Amino acid sequence: MTDWLSDHFADLQQWLFETVVQPLVYAMGLGARVEEAFDATGWLLVGLIQIAVLVAVIGPLQRWRPVEPLTDRRAVRTDILYTLIHRLGLFRVAMFFALDPVFDELLGMARAGGWGTFHLDDVWPGVSDVPWVAFVIYLVVLDFVEYLIHRGQHRFGWWWSLHSLHHSQRQMTMWSDNRNHLLDDVLRDAIIVIVAQLIGVAPGQFIAVVAFTQLSESLQHANLRVSFGRIGERLWISPRFHRLHHSIGLGHESRGPASLGGHNFGVLLPWWDMLFRSSNFDERYDPTGIRDQVEPDARGQVRDYGSGFWSQQWRGLKRLAGRG
Ligand SMILES: [Zn+2]
Ligand SMILES: [Zn+2]
């Protein structure tokens, strides 16, 4: 199954590269970058497949069992823009030109110091290096890292000033997953890439893990009244589970049994929330957003997180600087 998938993926990547990307790269005079462009084509293909699944599968599900009616289409259009920027690779290409030299330098230093040669899937030869077992191991480990990052985004005031942009969507849909501050994305991606390198995830496996994670995240943000049932809810994060994380007064502000506020920080697996007692399995579908958007402060004002891409990004920087 995994071989069949990766063979077909490789064929499609080759075709897309030869017919679209390669001619473009040469036309722009970037022939020296052709190898990187081939890798980028893999990500572009993943994004195209994801968008096809969103439109063909998750979209109809949203129309079948919506949690709430669509009243703010402009807010949804902004989220679509975020999704296209990310999944079609614009963000990645920008990251590549800006940060790759820095990453190469850092990883070079790590390797010189004896790091980065370890492969987690080598620990039990014959078992952990079976492709699908290795895939599961990396998926679980990286999901735990994502959980910790997400706890940090809510725990530290400066990080929340960026992550709150993600939570400010009051009209949540399958497009909302990529609605993040770009600085937050850079930080999160940097942590994930470094951990992936340290535990030795191969590039092909890394693409597969990220693609799978993103698709699941899109489903979890959908305007979809679906829960996975008593057992399913404890195995995989559902739209109900993640919506509760976005719910006003529950996901960020509430005081759970955990020492920190908030519930349902998990990305794929609800196990970390169960382990650290931050899970909430109540069958409820509340309005999403942040309390300060709806409840006026002492001066009688509610906070505006912006409605367009640039105003949201700019306001995020202002909050970070303590002026928003
Ligand atoms: Zn959050
Ligand atoms: Zn979310």
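No experiment lies behind these values; they were computed from the predicted model shown.
Rounding to the nearest 0.5 Å gives a distance of 13.5 Å between CD1 of I137 and NE2 of H119. Distance check, rounded to the nearest 0.5 Å: CZ of F281 to CZ of F228 gives 12.0 Å. Rounded to the nearest 0.5 Å, atoms CG (L12) and CZ (F17) are 15.0 Å apart. Here the CE atom belonging to M274 is positioned 12.5 Å from the CG atom belonging to N280, to the nearest 0.5 angstrom. From L215, atom CG reaches atom CD of Q220 across 10.0 Å, with rounding to the nearest 0.5 Å. Expressed to the nearest 0.5 Å, how far CZ of F9 lies from CD1 of I49 amounts to 5.5 Å.
At a threshold of 4.5 Å between non-hydrogen side-chain atoms, the residues L268 and L139 count as touching. Contact of the W272 side chain with the L148 side chain is not registered, since no non-hydrogen atoms from C-beta on lie closer than 4.5 Å. In this structure the side chain of E233 never reaches within 4.5 angstrom of the side chain of P270, judged on heavy atoms. For the pair W175/Q169, no side-chain contact is recorded, criterion being any heavy-atom separation below 4.5 Å from C-beta on. When side chains are defined from C-beta on, L165 does not count as touching D184, because their heavy atoms never get closer than 4.5 Å. Counting heavy atoms from C-beta on, the side chains of L320 and L162 come closer than 4.5 Å. Within the 4.5 Å cutoff, the side chain of S278 has no heavy atoms near those of the N264 side chain. Considering only heavy atoms from C-beta on, I80 comes within 4.5 Å of V76 through its side chain.
For Y82 against N178, the heavy-atom pair with the smallest separation is CD2-O, 3.3 Å. The shortest heavy-atom contact between V226 and P239 is O-CD, 3.7 Å. For the residue pair N180 and Q313, the shortest heavy atom distance occurs at O-NE2, 3.2 Å. When every heavy atom of L269 is checked against every heavy atom of L235, the shortest pair comes out as CD2-O, 3.7 Å. Contact record, I191 with W159: CD1-CH2, 4.2 Å, taken as the closest heavy-atom pair. The two residues L61 and L219 have their closest heavy-atom pair at CD1-CD1, 4.4 Å.
Among the candidates R240, H245, H246, the single residue satisfying the side chain to side chain donor-acceptor pair (under 3.5 Å) test with H242 is H246.
Salt bridge absent: D72 and R74 never bring a charged side-chain N and a carboxylate O closer than 4.0 Å.
In this structure, a donor-acceptor pair under 3.5 Å is absent between the side chains of T41 and Q13.
Two different hydrophobic clusters hold W158 and Y305 under the rule that ILVMFWY side chains link at heavy-atom gaps under 4.5 Å. Put simply, M174 and V67 are part of two different groups of oily side chains (I, L, V, M, F, W, Y) that touch within less than 4.5 Å, one to the next. The same ILVMFWY cluster, assembled from side-chain heavy atoms under 4.5 Å apart, contains both L45 and V34. When the side chains of ILVMFWY residues are joined at heavy-atom separations under 4.5 Å, either directly or via intervening members, Y285 and I58 end up in two distinct hydrophobic clusters. Residues L250 and V294 fall into different hydrophobic clusters, defined by Ile, Leu, Val, Met, Phe, Trp and Tyr side chains chained together at heavy-atom separations under 4.5 Å.
A distance-only check finds no donor-acceptor pair linking the side chain of R284 to the backbone of L244 [under 3.5 Å]. The backbone N or O of F265 sits less than 3.5 Å from a side-chain atom of H150, completing a donor-acceptor pair. Not one N or O on the side chain of E217 forms a donor-acceptor pair closer than 3.5 Å with the backbone of V267. The backbone N or O of W160 lies less than 3.5 Å from a partner atom in the side chain of S164, making a donor-acceptor pair. Distance alone, capped at 3.5 Å, is enough to place a donor-acceptor pair between the S238 side chain and the F241 backbone. Checked by atom type and distance alone, the side chain of N223 pairs as donor or acceptor with a backbone atom of E68 at under 3.5 Å.
By the neighbour-count criterion of 12 heavy atoms within 6.0 Å, atom CD of Q301 is densely surrounded, having more than that number from other residues, nucleotides or ligands. Remark: W124 CH2 is loosely packed, at most 12 non-hydrogen atoms of other residues, nucleotides or ligands lying under 6.0 Å away. Atom CD of E105 has 12 or fewer heavy atoms from other residues, nucleotides or ligands within 6.0 Å. Counting non-hydrogen atoms of neighbouring residues, nucleotides and ligands closer than 6.0 angstrom, the CD1 atom of I231 reaches no more than 12 such neighbours. At most 12 heavy atoms of other shown residues, nucleotides or ligands fall within 6.0 angstrom of atom CH2 in W271.
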side-chain hydrogen bond (donor to acceptor under 3.5 Å, both in side chains) between S176 and D79, intermediate numbers included: CA-CA 5 Å; S176 303; D79 284 0; 2.8 Å; yes

Full working for side-chain contact (heavy atoms from CB on, under 4.5 Å) between T213 and L142: CA-CA 10 Å; T213 303; L142 289 175; over 6 Å; no

Intermediate values then yes/no, side-chain hydrogen bond (donor to acceptor under 3.5 Å, both in side chains), S218 and Q214: CA-CA 6 Å; S218 294; Q214 287 177 336; over 6 Å; no

From CA spacing to verdict: ring pair (Phe, Tyr, Trp, His ring centres under 6.0 Å), H166, H252: CA-CA 12 Å; H166 178 67; H252 173 66; over 10 Å; no

Check against side-chain contact (heavy atoms from CB on, under 4.5 Å), V193 and F206: CA-CA 9 Å; V193 167; F206 186 64; 4.3 Å; yes

V46/Q50 under side-chain contact (heavy atoms from CB on, under 4.5 Å): CA gap, chis, key distance, verdict: CA-CA 6 Å; V46 163; Q50 287 179 334; 3.9 Å; yes

Candidate pair F276 and Y147, rule ring pair (Phe, Tyr, Trp, His ring centres under 6.0 Å), full reasoning: CA-CA 11 Å; F276 295 102; Y147 174 80; 5.8 Å; yes

Derivation and outcome, side-chain hydrogen bond (donor to acceptor under 3.5 Å, both in side chains), residues R315 and S168: CA-CA 12 Å; R315 282 164 197 270; S168 66; over 6 Å; no

side-chain contact (heavy atoms from CB on, under 4.5 Å) between R65 and L224, worked out: CA-CA 6 Å; R65 281 190 84 177; L224 181 59; 4.2 Å; yes

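Using cut-offs of 30° and 60° on the angle between ring planes, the pair H154 and H163 is perpendicular.
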